Amino acid sequence: MSLMTILEFPDPRLRKVAAPVAVVDDSIREILDNMIETMYDAEGIGLAATQVNVHKRMLVMDISEDHAEPMIFVNPEITVLDPEPMGYEEGCLSVPGYYEMVTRHRKVLIKALDRNGDPFEIEAEGILAVCIQHEIDHLDGKLFVDYLSALKRQRIKSKLEKEHRQQKSPTPA
Ligand code: GNR
Ligand code: NI
């Protein structure tokens with residue numbers, strides 16, 4: 001297994017819309033395993049393929065305390081079961097260091113394929129519902145900062161761009 005590099009806002013590759021996975025084969029399973037390892041290494045509760053520059057509709061999640069319950073969703077589709085707005089302080093591995101309140105649907109039904117390509121469904125509420133909506137947004141080229149005011153988004157963009165410039169330039173003597 002190997003770690004993958006996580007793209008950071010405002011990288012334009014985070015804006016690509018991912019294509020459906022045609023067949024869940026060994027090469028797809030290998031990417032999913034590397035995504036799980038990368039998610040754990042980065043201490044995230046979810047990771048969408050878009051974030052590691054793979055533009056296929058798949059994502060991984062683990063909302064357990066101890067990295068005990070990795071979940072895989074290939075070609076996920078969401079139906080809203082309860083559109084009641086639910087606010088949650090969201091963060092994103094592609095927007096490191098920033099947390100802001102975002103409103104999502106309270107309860108959703110997720111239909112997806114598992115690591116064997118078999119279909120399954122789950123009802124999601126709470127953090128699971130928040131996370132799956134956040135991850136599916138990534139597959140559609142959307143980020144949580146898109147729900148913030150233009151001013152807040154611009155501030156975050158400028159600060160991350162500055163950090164990226166500093167990471168690129170050699171350390172001053
Ligand atoms: O690790 C993550 N935490 C989180 C917290 C609140 C709402 C959504 C998330 S997902 C995020 C990992 C990530 O960036 N997934 O795309
Ligand atoms: Ni994210």
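Position 1 is the first residue of the sequence; numbering continues from there. Not measured: the values here are computed from a predicted model. Keep in mind that the numbers below use all heavy atoms, side chains included, and drop hydrogens, waters and symmetry copies.
Salt bridge annotation for R165-E161: absent, with no cationic side-chain nitrogen under 4.0 angstrom from a carboxylate oxygen.
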Less than 3.5 Å apart, which donor and acceptor atoms pair up between the side chains of residues 7-22 and the rest of the protein, not counting sequence neighbours?
unit_1 : atom_1 : unit_2 : atom_2 : d
E8     : OE1    : H164   : NE2    : 2.7
D11    : OD1    : R13    : N      : 2.9
D11    : OD1    : R13    : NE     : 3.0
D11    : OD2    : R13    : NE     : 3.4
D11    : OD2    : R13    : NH2    : 2.7
R15    : NH1    : G141   : O      : 2.9
R15    : NH1    : D146   : OD1    : 3.4
R15    : NH1    : D146   : OD2    : 2.8
R15    : NH2    : D146   : OD1    : 2.9

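In terms of heavy atoms, E100 sits closest to F144 at CB-CE1, 3.9 Å. Minimum interatomic distance between L93 and G44 (heavy atoms only, all atoms of both residues): CD1-CA, 4.0 Å.
Under the 4.5 Å side-chain criterion, counting only non-hydrogen atoms from C-beta, D62 is in contact with M39. You'll find the side chain of L128 reaches within 4.5 Å of the side chain of M61, heavy atoms only. Within the 4.5 Å cutoff, the side chain of R104 has heavy atoms near those of the Y147 side chain. With contacts defined as side-chain heavy-atom distances shorter than 4.5 Å, the pair L59/I72 does not qualify. Residues E121 and I110 are not in side-chain contact: their nearest non-hydrogen atoms beyond the backbone lie 4.5 Å or more apart.
No more than 12 heavy atoms of other residues, nucleotides or ligands sit less than 6.0 Å from atom CD of E65. For CD of E89, the number of neighbouring non-hydrogen atoms (other residues, nucleotides, ligands) closer than 6.0 Å is greater than 12.
H55 and N53 share a donor-acceptor pair across their side chains, judged by distance under 3.5 Å alone.
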**Message:** Is there a salt bridge (charged side-chain N to carboxylate O under 4.0 Å, His left out) between R115 and D26? Walk through the geometry before answering.
**Reply:** CA-CA 9 Å; R115 65 176 293 124; D26 284 346; over 6 Å; no
**Prompt:** Hey, mind stepping through F73 and F120 against ring-ring contact (aromatic ring centres under 6.0 Å, His included) and telling me if it holds?
**Reply:** CA-CA 9 Å; F73 299 85; F120 69 98; 5.6 Å; yes
